[in-house]
Amino acid sequence: MKILFVASEVAPFSKTGGLGDVAGSLPVALAELGHEVKVVTPRYASVKDDRLTPTGHHLELRFPFGTERGPILSLRPSPNLELLFLENEHFYGRAGIYGDAWGEFGDNHRRYAYLSLGALQAAQRLRFHPDIIHLNDWQTGLAAVSLRRGFQGTPLSKAKTVLTIHNLAYQGQYGKHIMDDLGLTWDLFTAEQGLEFYDTVNFLKGGLVFADALTTVSPTYAKEIQEPEGGASLDGLLRRRRGSLTGILNGIDAHEWNPETDTYLPARYGVNAMEGKVTCRRELLRRFGLREDTEAPVFGIVSRLAWQKGVDLLLEVMPQALQSDIRFVAVGSGEGRYEDGLRALQHHFPQQVGTFIGFDQGLSHLVEAGVDFFIMPSRYEPCGLNQMYSLRYGTVPIVRATGGLVDTVEGGLDGTGILFEAFHPAALLAAVRRAQALYAEPERLRAFRQRGMSRDFSWAASARKYERLFASLVAE
Ligand code: ADP
Ligand code: GLC
């Protein structure tokens, strides 16, 4: 099949979270299955790869606010896979992906309209006639809408669209004045079959209404978003479309996240030779200014510091947990209140806590390798990749039983990790205590680690599921 994959971030070129990881690795897996895949994404200022070459093609998109133009650049990692970067100085030439220190960019509706419509026009310019257009999150929702409106009679209109929900809470919601700003016709401004959402414009909703098929990134999250509690006010629509909605668990990039070959680590290790993990642990503690020779269990997080991630719960529990002999390291950036909270925790427990506020790829690998327990106390979690990285790195994840965390971490005495149910301090604290008890029994801990490391979270199985879905749409 010919697949056009559109995403607002693609690792390693741009990444704020798991979407970037998935957009960087799923297309590779689909190309390995023999499909012809083109990935379209913005060329942000951070994308400095000198392997990018001009395609000779340019976009020209007419909006009421002005005509936007820019070249299409290309990178071909393998014969079946091409990455197309949309360059537009005015939209993507600045520092930051969705925003900067002052908050979200005020013109994101234009920036992602450019991506959505630009992806369709890029396919036309390159005479690439996809069978499937695979869209991801709200930033690409308008592509599903405009494919059904602006492209009738063109080869592109034969394509089936699939929209993957990586996170239902981010919807791309704007005041209705942007209808005119973007030149969207007002007949689209309806609640039933359009973009309207409580008198605002909602890009994700447009995608959910117009895409041929919907997926989300774990089976459990697929169920949760059809309920009012997890549905972010779109559960009604998702229930109506439940026949077209499937949960397909994310895979991980098993080359990038492999403790046997990971070049970010001071030492490498595998399930049958774990000494390297001890070296990683020492290096991690040293980097955080903590004593390297401690026997105490080391807990850690790597996270976007957002409400979703339950950092507030962690901050509530940690002062008590740190009364016993444990260490805690945190790598993250995001909302100021959580950044401040982590800094304050370190200030109060300087011998036991290390923090790094910022985004650091290498450090995220070192944390996965160096800690004994990785904590994810998420309020909700569509899939979550970090717990899968943890399992692969022989680190026992402590997770709240929600979304994809349930689908990837096995609880119980002979499981792979520690799960807790209630989003409540006592429940998290009890989970930390269970981890300490596990740590005190080296044989049992070893067995946990071995089971985790033996699980296969590569894209092998899930890429096949996307393939089957795509094939069924094409056959329709
Ligand atoms: P989400 O996409 O909701 O943030 P995931 O668990 O799916 O959650 O993916 C998060 C990804 O972002 C992981 O690859 C993780 O290592 C990475 N990440 C998050 N915060 C940081 C950070 N501060 N520095 C480096 N990597 C980070
Ligand atoms: C989102 C979700 C996360 C998921 C990632 C990739 O950012 O928050 O749970 O793993 O997308 O699908």
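Remember, it's a predicted structure, so these values are computed and weren't measured experimentally.
The CG atom of Leu147 sits 6.5 Å away from the OG1 atom of Thr161 when rounded to the nearest 0.5 Å. The distance from the CZ atom of Arg76 to the OG atom of Ser74 is 6.0 Å, given to the nearest 0.5 Å. Taking CD of Glu32 as the start and OG of Ser78 as the end, the distance is 7.5 Å to the nearest 0.5 Å. In this structure, CD1 in Ile301 is found 6.0 Å from CG in Leu305, a value given to the nearest 0.5 Å. Going from atom CD of Glu104 over to atom CG of Asn108 covers 5.5 Å, rounded to the nearest 0.5 Å. Between atom CG of residue Asp180 and atom CD1 of residue Ile178 there is a gap of 10.0 Å, rounded to the nearest 0.5 Å.
Note on Lys309 versus Glu381: salt bridge recorded, some NZ/NE/NH1/NH2 to OD/OE distance being below 4.0 Å. Residues Glu368 and Arg392 are not paired through a salt bridge, judged by the lack of any N-O separation under 4.0 Å between the basic side chain and the carboxylate. With salt bridges taken as basic N to acidic carboxylate O contacts below 4.0 Å, none links Arg241 and Asp212. A salt bridge does not link Arg337 to Glu339: none of the charged nitrogens lies less than 4.0 Å from a carboxylate oxygen. Between Arg379 and Asp312 there is a salt bridge, with a side-chain nitrogen of the basic residue lying less than 4.0 Å from a carboxylate oxygen of the acidic one. Under a 4.0 Å N-O distance rule, the pair Lys176/Asp181 does not qualify as a salt bridge.
In this structure, Asp107 contributes its side chain and Arg110 its backbone to no donor-acceptor pair below 3.5 Å. Of the possible polar contacts, one joining the Gln171 side chain to the Ala232 backbone as a donor-acceptor pair under 3.5 Å is found. A donor-acceptor pair is defined here as one N or O able to donate and one able to accept, closer than 3.5 Å; such a pair exists between the side chain of Gln387 and the backbone of Cys383. Distance alone, capped at 3.5 Å, is enough to place a donor-acceptor pair between the Thr395 side chain and the Val371 backbone. At least one donor-acceptor pair under 3.5 Å links the side chain of Thr416 to the backbone N or O of Glu410. Checked by atom type and distance alone, the side chain of Ser116 never pairs as donor or acceptor with a backbone atom of Ala113 at under 3.5 Å. No donor-acceptor pair under 3.5 Å is formed between the side chain of Asp137 and the backbone N or O of Gln139. The backbone N or O of Ile97 lies less than 3.5 Å from a partner atom in the side chain of Arg111, making a donor-acceptor pair. Of the possible donor and acceptor atoms, one in the side chain of His35 sits under 3.5 Å from a partner among the backbone N and O of Met1. Between the Thr55 side chain and the Ile72 main chain, a donor and an acceptor come within less than 3.5 Å of each other.
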Please evaluate residues Thr215 and Thr246 with respect to the criterion side-chain hydrogen bond (donor to acceptor under 3.5 Å, both in side chains), reporting the C-alpha separation (whole Å), side-chain torsions for both, the decisive distance (0.1 Å), and the verdict. CA-CA 5 Å; Thr215 72; Thr246 43; 5.6 Å; no
Residues Arg242, Asp235; criterion salt bridge (Lys or Arg N to Asp or Glu O under 4.0 Å); working and verdict: CA-CA 10 Å; Arg242 65 174 168 266; Asp235 48 295; over 6 Å; no
Can you check side-chain hydrogen bond (donor to acceptor under 3.5 Å, both in side chains) on His166 and Asn136, steps first, answer last? CA-CA 7 Å; His166 295 265; Asn136 295 277; 2.9 Å; yes
Please walk me through it: do Arg343 and Asp340 pass salt bridge (Lys or Arg N to Asp or Glu O under 4.0 Å)? CA-CA 5 Å; Arg343 285 196 194 96; Asp340 293 343; 3.2 Å; yes
Report the C-alpha separation of Phe189 and Leu184 in whole Å, then their side-chain angles, then the decisive distance to 0.1 Å, and conclude whether the side-chain contact (heavy atoms from CB on, under 4.5 Å) test is met. CA-CA 9 Å; Phe189 195 72; Leu184 295 163; over 6 Å; no
Go through the steps for Thr190 and Glu196 under the test side-chain hydrogen bond (donor to acceptor under 3.5 Å, both in side chains), then give the verdict. CA-CA 5 Å; Thr190 65; Glu196 185 194 346; over 6 Å; no
Evaluate the criterion salt bridge (Lys or Arg N to Asp or Glu O under 4.0 Å) for residue pair Arg43 and Asp49; output intermediate values, then yes/no. CA-CA 10 Å; Arg43 185 194 189 171; Asp49 203 304; over 6 Å; no
Step by step, work out the salt bridge (Lys or Arg N to Asp or Glu O under 4.0 Å) result for Lys15 and Glu9. CA-CA 5 Å; Lys15 165 170 164 179; Glu9 51 183 275; over 6 Å; no
Test log, rule side-chain hydrogen bond (donor to acceptor under 3.5 Å, both in side chains), inputs Tyr393 and Asp262: CA-CA 10 Å; Tyr393 280 65; Asp262 192 327; 2.6 Å; yes
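Remark: Lys205 is not positioned above the aromatic ring of Phe197, lacking an NZ or CZ atom under 6.0 angstrom from the ring centre and at most 45 degrees off the axis. Judged by a 6.0 Å distance limit and a 45° cone about the ring axis, Arg94 is positioned over the six-membered ring of Phe105.
Heavy atoms only, all atoms of each residue included: Gly206 and Leu195 are closest at CA-CD2, 3.4 Å. Closest of all the heavy-atom pairs between Thr41 and Leu115 is CA-CD1, 4.0 Å. Heavy-atom minimum distance, Ala45 versus Gly93: CB-O, 3.4 Å. Closest of all the heavy-atom pairs between Ser218 and Leu249 is CB-CD1, 3.7 Å. The minimum heavy-atom distance linking Ser378 with Leu405 is given by the pair OG-CD1, 4.0 Å. The shortest non-hydrogen separation linking Arg69 to Glu60 is NE-OE1, 3.1 Å.
At least one side-chain heavy atom of Phe210 sits less than 4.5 Å from a side-chain heavy atom of Leu188. The side-chain heavy atoms of Leu391 and Arg455, taken from C-beta on, include no pair separated by under 4.5 Å. Annotation: side chain of Arg287 is in contact with side chain of Leu366 (closest heavy-atom distance under 4.5 Å). Using a 4.5 Å cut-off on side-chain heavy atoms (C-beta onward), Leu73 and Leu84 make no contact.
Ring to ring, Tyr44 and Tyr92 are close: their centroids are under 6.0 angstrom apart. Aromatic pair Tyr170/Trp138: ring centres not closer than 6.0 Å. Aromatic pair Phe85/Phe13: ring centres closer than 6.0 Å.
Within a 6.0 Å radius of CZ in Arg240, more than 12 heavy atoms belonging to other residues, nucleotides or ligands are found.
At a cut-off of 3.5 Å, with distance as the only test, a side-chain donor of Glu68 or Asn88 sits close to an acceptor on the other residue. Side-chain N/O atoms of Gln152 and Ser157 include no donor and acceptor closer than 3.5 Å. Of the N and O atoms on the side chains of Ser8 and Tyr98, at least one donor lies less than 3.5 Å from an acceptor on the other residue. Under 3.5 Å, the side chains of His129 and Gln124 contain no donor-acceptor pair of N or O atoms.
The aromatic rings of His134 and Phe470 sit perpendicular to each other, their planes meeting at more than 60°, with 30° as the lower class boundary. Ring-plane geometry between Tyr380 and Tyr221 is classed as parallel, the angle between the planes falling under 30 degrees on a 0 to 90 degree scale with a further cut at 60. Using bins of under 30°, 30° to 60° and over 60° for the plane-to-plane angle, the ring pair Tyr389/Trp257 lands in the parallel bin.
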